[in-house]
There are 2 protein chains.
Amino acid sequence: MDAATCLLMEGGPTAVTVDAVVARSGVAKSTMYRHWATRDELVAAMFTHLVPSFEVPAEGLGFEDSLRALVGSVVQHMSGEQFRKTVPALLMLKTRHQEIAEVEEQLHAQQQSVFDEVFRRGEVEGRVPATVDRELLLTLLVGPLMMAMMFESVPLGDELVERTVAQFLAGLAVASE
Amino acid sequence: MDAATCLLMEGGPTAVTVDAVVARSGVAKSTMYRHWATRDELVAAMFTHLVPSFEVPAEGLGFEDSLRALVGSVVQHMSGEQFRKTVPALLMLKTRHQEIAEVEEQLHAQQQSVFDEVFRRGEVEGRVPATVDRELLLTLLVGPLMMAMMFESVPLGDELVERTVAQFLAGLAVASE
DNA sequence: ACAGTACGAGACGGTACCGTACTGTTTATG
DNA sequence: CATAAACAGTACGGTACCGTCTCGTACTGT
């Protein structure tokens, strides 16, 4: 599994061949096929193994602090080599392989649920309207971070976090008028 | 070239093989290698051929109208099958192939310059501070659209355009205080 | 001691693909 | 009209990969 992940980061999905994984891991090919019936299953399992999980910020925090903490941890994940090199592959493969799409859906659902909790805290404080679509909110909030990561045009740092959160909050204020 | 594009959209970058392009296009393999010395050159040329160009909104429009028009046209591009199926591949390949990275850079530069013109109109109207990094602005503005396209969690429609632009403008107002 | 199981190592057939070489045919150009 | 360039078609060697298969080995529970 680790060998497969290394190969994915070095050469992309096409570099994750059965032979290459066997060569790098020291595992026999027969053992590989004992666990995964086909190469596609191996690749899907690899992405499942890679999916990170975001954590809900501490209970006591208010809406804005929760938001900053969560966005900060997302940016930290995005700064990691593993995230940066695997997410583009995941997003490309999900358009064609249903198994990969399901893995991506799982990642997305986990992310959505964590942000939903933060949005709920905002709703309690009267900052987030109850009627707004939460998926839209997630998109508006995380989109800039995603773009910064994919295009590498803006450094993934504190300034980006601050500006992104500030813009999101400003957008919320306008929307609830 | 058209055949290669079809193959890319159907089966991803790995489906764009020399043999497949030859079979679909009716062109001889010798002719292919007369134009592109290697398969990688063909793929790079294909992406170059695919790069769309955004247009600057009409001269007379004010800042907000220009913004809405441009964001609307971006969303329209993103709704197209061609964009949706090729951009993920482009973003994945650019992390490993320098030729592809240059194509992506070209796309990004073109997009940036068009938006810069709109930001300039905003600066004239006193809505956009002159000191803010324009790449950051582009990221904050287009990021949500990119995310909506890649994750397909929010429909690419007028509502998204409206909310995205509204949030961006609200963020601008806060930043210039 | 013995059967059952998971494993390492690797050979093998079959396929897909790349890039080259060669043969005619069409097209353009002086 | 002659000659060169561009082309279609195709065969070929070499390589990489997938998935199957066999064989020998270590470990485990009875």
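To find a chain, count down the sequence lines: A is the first, B the second, and so on, and within it residues start at 1.
- Between B:Phe151 and A:His108, the ring planes lie tilted relative to each other; the angle falls in the 30° to 60° range.
- In this structure, the CG atom of B:Asp19 is 11 Å from the C1' atom of D:dT10, given to the nearest Å.
- Of all nucleotides listed (D:dT20, C:dC7, C:dC18), D:dT20 comes nearest to the side chain of A:Tyr33.
- Nucleotide C:dA1 has D:dT30 as its partner under the Watson-Crick or G-U criteria, with both atom distances under 3.5 Å.
- Pairing for D:dA8 is with C:dT23, a Watson-Crick or G-U wobble pair whose two hydrogen-bonding atom distances lie under 3.5 Å.
- OP1 or OP2 of C:dC7 lies within a sub-4.0 Å distance of a side-chain N or O belonging to A:His35.
- Rounded to whole angstrom, the span from the CH2 atom of A:Trp36 across to the P atom of D:dC17 amounts to 18 Å.
- Across B:Leu140 and A:Pro144, no two heavy atoms sit closer than the pair O-CG, 3.9 Å.
- At a cut-off of 3.5 angstrom, counting only N and O atoms as typed in the model, there is no donor on one side facing an acceptor on the other between the side-chain of A:Lys29 and the base of C:dG10.
- Looking at A:Lys29 and A:Asp19, their side chains come closer than 4.5 Å, going by heavy atoms from C-beta outward.
- Under 4.0 angstrom from either OP1 or OP2 of C:dC7 there lies at least one side-chain N or O belonging to A:Arg34.
- Taking atom CG on A:Leu42 and atom P on D:dG19, their separation rounds to 10 Å, with Å as the unit.
- Cluster membership check: B:Leu138 shares its hydrophobic cluster with B:Val56, using side-chain heavy-atom separations under 4.5 Å among Ile, Leu, Val, Met, Phe, Trp and Tyr.
- Note: CD (B:Glu41) to P (C:dC18) measures 14 Å, nearest angstrom.
- A:Ser30 comes within contact range of at least one nucleobase, with a heavy-atom separation under 4.0 Å.
- The interatomic distance linking B:Arg39 (CZ) with C:dC17 (P) rounds to 10 Å, in whole Å.
- Atoms CE (B:Met32) and P (C:dT20) sit 13 Å apart, rounded to a whole Å.
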